[in-house]
Amino acid sequence: MKPSSAILPAPSCAGVYVHFPWCLAKCPYCDFVSYAAPPTDPAAIDHARYADAVLRELYARAPAFDGRRVQSIFFGGGTPSLWTPRELGRVIAGVRAELAVTGDVEVTVECNPTSLDEDKARALLDAGVGRLSIGVQSLRDERLAFLGRLHDASGAVAAVRAAMRAGMPRVSGDLIFGLPGQSAEEARDEATALADLGLAHLSCYQLTIESGTRFGELARRGRLPLADDGIVADAFLAIDEALTARGFGHYEISNYARPGEEARHNLGYWRGDEYLGLGCGAYGFARTGRGAEAGGVRWRNAVSPERYMGGVAPESTEPLDAQTLLRERIMLGLRRSEGLDLDCAARELQLGASPWTPERSRASAWLEQRRRIVRDGSRIAIPKAAWLWTDDTAARLF
Ligand code: SF4
């Protein structure tokens, strides 16, 4: 199904996501589309050929995003800080030329400490990047070794400082908590130490063990030490308490920001905005139809870089009806501290019926009684103390 350019009351907002699929090494917990650049050599990545392929895809898909205001461009991966700033900048320029980009567009690049220094940060700034998201993951060497990361704690701190010295306007740091042997206090202290470097945004993710990863395989064989659930819950709350005391807003389960520093790109996902996904393994989403036909389409590009660069069609294209989109809005909206307004979502999705089905109303009352949600009219949100059960809560409201 091809997204139509005349389907939505303009102007609607959209983001652009660009996937860069190479890393220096594959981390044992990672289930993203990412490939270790060796055994050849990172220099062997054909940076220009990959940018050409992304631009070709951009030119082909841009007409379907006519009338959208692009508020964010996000380079994720993989490790896009391995991409030469020249080629990455060519993609930014292409997006700016092809789409209606807002004047204050947020342009973010995910970086690893092993491929970010002051010169690289300056070059990215010159290429039009205004925000870096640095994969710090931990400030303790033994934790980084467990995670299979190539950097150590001092390398992580050096990368954050280099980004700031280069004058990058916005710098975010990623942390992983819930590691075996890590206490709640240790997790909290890492988050505060990172914040105290001067960051205005932090993402604090709980380690999850995914099947198909090295950790997943070890866990299946009972050979991976696992964190205690109670300690992980305590760590989540300890990080929340420490960062909110420092003036950060805990605006999404895993994300903290000083006022005005929220990641606009991710806010778009959680709101249900459209996104133009470009690159190997990227997902994209566009709205389709109107009235009874209203829905959307999600596609996924080929996960093999060679196949992607060879111009192979998306490996999957999934039509989504309005009810499915509403369930996605519930799942994603409940991740935000402000929750979501179900009536607004239903109207915007042209659901054509009340979202308050008898089953959902019953589930909502049950959840309210147990303080798993708070409800104000048609707005529902999850209080922080119940955030750890968000997936279950959302599923009950499907
Ligand atoms: S650096 Fe990030 S994307 Fe690359 S393998 Fe590690 S976790 Fe995955």
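All heavy atoms count here, side chains included; hydrogens, waters and symmetry mates do not. This chain uses plain numbering: 1 for the first residue, then up along the sequence. Please read all numbers here as calculations on a predicted model, not as lab measurements. Indexing begins at 1, ligand by ligand and atom by atom, following the structure's order.
In this structure, the side chain of R335 does not engage the main chain of M331 through any donor-acceptor pair within 3.5 Å. A donor-acceptor contact shorter than 3.5 Å links the side chain of T102 to the backbone of V70.
Among E110, Q137, R149, K26, the residue whose heavy atom sits closest to atom 2 (Fe) of ligand 1 is R149.
Classification of the Y50-Y308 ring pair by plane angle, with boundaries at 30° and 60°, yields tilted. Below 30°, between 30° and 60°, or above 60°: for Y17 and H19 the angle between ring planes is between 30° and 60°, a tilted geometry.
The nearest protein atom to atom 3 (S) of ligand 1, hydrogens excluded, is given as G78 N, 3.2 Å; this is a heavy-atom distance. With respect to atom 6 (Fe) of ligand 1, the closest heavy atom belonging to the protein is C27 SG, 2.4 Å. Atom 1 (S) of ligand 1 has as its closest protein heavy atom N112 ND2, 3.1 Å. From the protein, the heavy atom lying nearest to atom 4 (Fe) of ligand 1 is C23 SG, 2.3 Å.
Residue side and main chain included, C30 places no N/O/S atom under 2.8 Å of atom 6 (Fe) of ligand 1.
Taking both residues in full, the closest heavy atoms of A187 and F177 are given as CB-CB, 4.1 Å, listed atom of the first, atom of the second, then distance.
Screening R69, R68, R298 for a salt bridge (charged side-chain N to carboxylate O under 4.0 Å, His left out) involving E274 leaves a single residue, R68.
The A25 neighbourhood of ligand 1 comprises atoms 5 (S), with distances under 4.0 Å to a heavy atom of that residue.
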